[in-house]
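All figures in this text were calculated on a predicted structure; none of them were measured in a lab.
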Amino acid sequence: MSMRLITARVLLGTLGSFFLIETAMASFVLRRSDGSSTRAWTSHLERMDAALVAQDISLAERAWLQGYQQALGSRRWEGMVEAGDAALRIGAVAKSRRLAAPRARQAYLTALVRARGQRSVDGVVRTAEAFARLGDREVVEQALRIARDLAGTDPEAEARVRAVVDQSTRVSAAAYGLGTPER
């Protein structure tokens, strides 16, 4: 083996190790339980929105990624819903919704799993609404079943779930030519 090849392998191994250590440290910092990361994603997403206003898609993407990582590390459903919504805003400005939708979908799926785990009817309902905006009828139906189960006999929670079911039904009917959506 040549000396250049050995040097290249050692360098790649060192860089790979550094990357793994940095990733692990970032994961630890993002998952602190002291509550300081609860809404840490907000400032990044605000910076993303400012970049979108300035039509700086590259800066918006970087800020979104930082916000997404903070939301992911927070282990809360709220941040993931906000990150999904933010991904769609980038897609709208960049005129690449088909590229933004998978990012949003992944964030919303994470939010749904977290909301269910936290037994948050509001979280499950908000993710159902988000999936309705994406046009993902199957996940909307699954999320609403989860929300109904979580709502149990709480009249306020049941009313919120019914409202989303009604809205989802109107949107689906309009999409399939069965009527027009009410405003």
(Q) Restricting to non-hydrogen atoms, name the atom on Ala128 and the atom on Leu144 that form the minimum distance, rounded to 0.1 Å. (A) CB-CD2, 4.0 Å
(Q) Side-chain heavy atoms nearer than 4.5 Å, only ILVMFWY residues, links allowed to pass through others: does that put Val113 and Trp41 together? (A) no
(Q) Once rounded to the nearest 0.5 Å, what's the spacing between atom OG of Ser120 and atom CG of Leu112? (A) 10.5 Å
Q: Search all heavy atoms of Val125 against all heavy atoms of Ala147 and return the closest pair with its distance.
A: CG2-CB, 4.0 Å
Q: Side-chain contact test, heavy atoms from C-beta onward, threshold under 4.5 Å: evaluate it for Glu138 versus Asp136 and give yes or no.
A: yes
Q | Which atom of Ala104 lies closest to which atom of Ala87, heavy atoms considered | A | N-CB, 4.0 Å
(Q) Is the shortest side-chain heavy-atom distance between Ile90 and Leu99 below 4.5 Å? (A) no
Q) When rounded to the nearest 0.5 angstrom, what distance separates OG1 in Thr127 from CD in Glu129? A) 8.5 Å
Q: Report the distance from atom OG of Ser74 to atom CE of Met80, rounding to the nearest 0.5 Å.
A: 8.0 Å
Q: Scan side-chain atoms only and decide if Arg62 and Ser58 contain a donor-acceptor pair under the 3.5 Å cut-off.
A: yes
Q) In terms of hydrophobic clustering (I, L, V, M, F, W, Y; side-chain heavy atoms under 4.5 Å; direct or indirect links), are Leu88 and Val139 co-clustered? A) yes
Q. Do any pairs count as a salt bridge (charged side-chain N to carboxylate O under 4.0 Å, His left out) and have a residue in residues 81-91, sequence neighbours left out, and if so which ones?
A. Arg39-Glu82, Asp49-Arg89, Asp85-Arg133
(Q) Using modelled atom types and a 3.5 Å cut-off, is there a donor and acceptor pairing between side-chain atoms of Arg114 and backbone atoms of Leu72? (A) yes
Q: Give the minimum heavy-atom separation between Leu134 and Ala101, together with the two atoms involved.
A: CD2-CB, 4.2 Å
Q. Any side-chain heavy-atom pair from Glu141 and Phe131 closer than 4.5 angstrom?
A. no
(Q) Test of understanding: clusters of I, L, V, M, F, W, Y form through side-chain heavy atoms closer than 4.5 Å, transitively. Do Leu52 and Leu65 belong to the same one? (A) yes
Q: Find out if a path of hydrophobic residues (ILVMFWY) with successive side-chain heavy-atom gaps under 4.5 Å connects Val93 to Leu45.
A: yes
Q: Show the numbers, then the answer: is there a side chain to side chain donor-acceptor pair (under 3.5 Å) between Arg76 and Gln118?
A: CA-CA 9 Å; Arg76 299 181 54 84; Gln118 294 166 9; 5.6 Å; no
Q: Please name the pair of heavy atoms, one in Gly91 and one in Ala100, separated by the smallest distance, quoted to 0.1 Å.
A: CA-CB, 3.6 Å
Q | CE-CG distance between Met48 and Asp56, expressed to the nearest 0.5 angstrom | A | 12.0 Å
**Q.** Separation of Arg105 CZ from Thr110 OG1 (nearest 0.5 Å)
**A.** 11.0 Å
Q. What closest approach, in Å, do Ala115 and Gly123 show between heavy atoms, and which atom pair accounts for it?
A. CB-C, 3.5 Å
Q) Are Trp77 and Arg116 close enough that some pair of their side-chain heavy atoms sits under 4.5 Å apart? A) no
Q) How far does CG of Asp122 sit from CD of Glu78, to the nearest 0.5 angstrom? A) 8.0 Å
Q: Tell me whether the guanidinium CZ or amine NZ of Arg103 lies under 6.0 angstrom from the six-membered ring centre of Trp64 and within 45° of its axis.
A: yes
